[in-house]
Amino acid sequence: MTAPLVEASSAATSHTTGFPSIRPRRLRRTSQLRQLVSETALAPSDFIEPLFVAEGVRERVPVPSMPGVFQLSISELVREAREIESLHLPAIIVFGIPDAKDQLGTGAYSRDGIVQRAVRAVKDACPNLVVITDVCLCEYTSHGHCGVVSDGAVLNDPTLELLARTAVSHADAGADIVAPSDMMDGRVGAIRRALDESGHVDTPILSYAAKYASAFYGPFREAAESTPQFGDRRSYQMDVGNAREALREVELDLQEGADMVMVKPALAFLDVIWRVKQTVAVPVGAYNVSGEYAMVKAAAERGWIDGPAITLEILTGIKRAGADFILTYHAREAARALGWG
Ligand code: PBG
């Protein structure tokens with residue numbers, strides 16, 4: 001039997017008064033005391049802001065289900081990148097929306113694809129901002145799946161070559177980190193090999209290692225125009241009920257050479273973030289995804305919740321669960337709410 005933390009009657013209660021002698025409230029009395037003993041403090045350096053750059057968009061087009069989020073032209077993307085840098089946010093992750101899609105997602109790995117051009121422009125304007133690129137085919141394929149499709153099935157191995165080409169083209173354009181989100185088996189290894197062979201030995205891989213087949217991606221698919229045209233993503237993304245399997249996915253990605261791993265979505269998977277954090281020594285990221293953002297915005301718009309307070313509480317919870325950094329559409333507003341800029 002384990003000993004109780006305190007002897008209930010003797011230590012916790014005063015003999016003389018009969019009232020509690022141990023009072024956690026003593027350390028909550030003033031805001032200075034609370035700050036002194038705070039276990040989890042948010043800072044702008046915790047956040048990575050996702051941005052959508054679209055071919056054929058003039059300036060910006062609002063995403064209806066994500067208030068405050070836009071499909072951006074390259075020059076608007078650069079403008080946002082500058083603002084993000086001025087708020088002391090360290091990084092952005094860029095998603096591309098091409099004009100034309102095809103069976104093999106050619107736009108994803110073309111030298112002059114939308115992401116490749118966007119990365120060059122942002123790195124030109126903001127050389128110190130960390131630019132991460134999402135490596136996936138779903139925004140570029142006519143069927144909307146994250147890999148090569150044949151007879152209604154998403155093929156694993158033929159997809160690896162295309163993902164590797166995509167990652168190399170992003171690194172060639174100046175991406176600081178590549179982040180594969182497709183969930184094909186072996187993709188981290190294929191990408192690492194291709195990066196090394198093309199001279200990008202110093203480009204880290206942030207792997208979406210534990211990525212679940214989640215309904216929370218709905219608004220993103222509207223923003224990125226990447227809804228699958230048939231079926232769903234359950235044959236490659238993880239089953240929502242599986243937590244031990246996340247550890248296996250993480251372990252495999254690390255064996256293949258991932259430098260950092262990510263859990264996605266965040267809110268319904270805080271236990272997974274925690275478990276991964278306890279298990280590995282690499283940085284662990286969490287993606288506070290589009291549906292999580294949309295729910296907060298929708299309820300706040302109706303006046304049903306206090307949007308800014310709930311946003312900071314959610315981000316604090318994700319960090320407390322173990323996230324070393326958080327990809328979030330709230331990045332700029334959170335930085336401002338924390339008093340930066
Ligand atoms: C691409 C990708 C998706 C997200 C990030 N990268 C969508 C998906 O897998 O369908 C979702 C991000 C979000 O919902 O905010 N594969």
Side-chain angles (χ1 to χ4, degrees), residues 47-54 63-71 92-98 101 105 107-109 114-115 132-141 143-149 154 156 159 162-163 166-167 170 175 177-184 187-188 191 205-240 249 261-269 285-298 311 314-315 318 323 325-331:
F47 308 133
I48 297 170
E49 180 149 333
L51 295 173
F52 299 96
V53 62
V63 179
S65 54
M66 301 177 74
V69 175
F70 301 85
Q71 293 184 344
I92 58 173
I93 179 163
V94 180
F95 296 91
I97 303 140
K101 302 176 190 254
Y109 39 90
I114 180 66
V115 163
I132 307 172
T133 54
D134 184 84
V135 175
C136 196
L137 301 183
C138 63
E139 295 102 320
Y140 304 88
T141 50
H143 43 71
H145 278 287
C146 305
V148 176
V149 166
V154 179
N156 195 88
T159 302
L162 304 185
L163 293 168
T166 303
H170 291 176
I177 299 174
V178 293
S181 68
D182 52 281
M183 288 300 278
M184 297 300 123
R187 92 279 209 204
V188 171
I191 289 171
I205 298 175
L206 163 60
S207 135
Y208 288 69
K211 176 173 176 179
Y212 288 88
S214 168
F216 281 98
Y217 308 150
F220 172 96
R221 291 179 189 168
E222 181 178 71
E225 301 173 8
S226 66
T227 307
Q229 298 304 300
F230 67 89
D232 54 40
R233 302 208 203 287
R234 288 170 205 261
S235 78
Y236 40 107
Q237 299 180 348
M238 286 176 57
D239 183 311
V240 163
E249 284 283 2
V261 292
M262 194 200 300
V263 175
K264 176 185 173 195
L267 274 188
F269 301 87
Y287 201 141
N288 176 215
V289 299
S290 57
E292 299 171 4
Y293 177 85
M295 291 194 305
V296 172
K297 290 293 172 193
T311 297
I314 286 173
L315 294 171
I318 297 170
F325 52 88
I326 304 170
L327 292 83
T328 177
Y329 305 95
H330 296 293

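Keep in mind that what you see is a predicted model, and the values were worked out from it rather than measured. Read the numbers this way: they start at 1 and go in the same order the structure lists the ligands and their atoms.
- Around ligand 1, the residues contributing at least one heavy atom under 4.0 Å from the ligand are Phe95, Asp134, Cys136, Cys138, Cys146, Ser181, Tyr208, Lys211, Phe216, Tyr217, Phe220, Arg221, Arg233, Gln237, Lys264, Tyr287, Val289, Ser290, Tyr329.
- Here OH of Tyr293 is found 12.0 Å from CD1 of Ile314. Values are rounded to the nearest 0.5 Å.
- Distance check, rounded to the nearest 0.5 Å: CD1 of Ile48 to CD1 of Ile132 gives 4.0 Å.
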Checklist entry - Is there a side chain to side chain contact (heavy atoms under 4.5 Å, CB included) between Ile114 and Tyr140 once you walk through the steps? => result CA-CA 10 Å; Ile114 180 66; Tyr140 304 88; 4.2 Å; yes
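- The CG atom of Leu206 sits 4.5 Å away from atom CZ of Phe325, with the distance rounded to the nearest 0.5 Å.
- With contacts defined as side-chain heavy-atom distances shorter than 4.5 Å, the pair Lys211/Glu249 does not qualify.
- We find the CE-SG distance between Met183 and Cys136 to be 11.0 Å, quoted to the nearest 0.5 Å.
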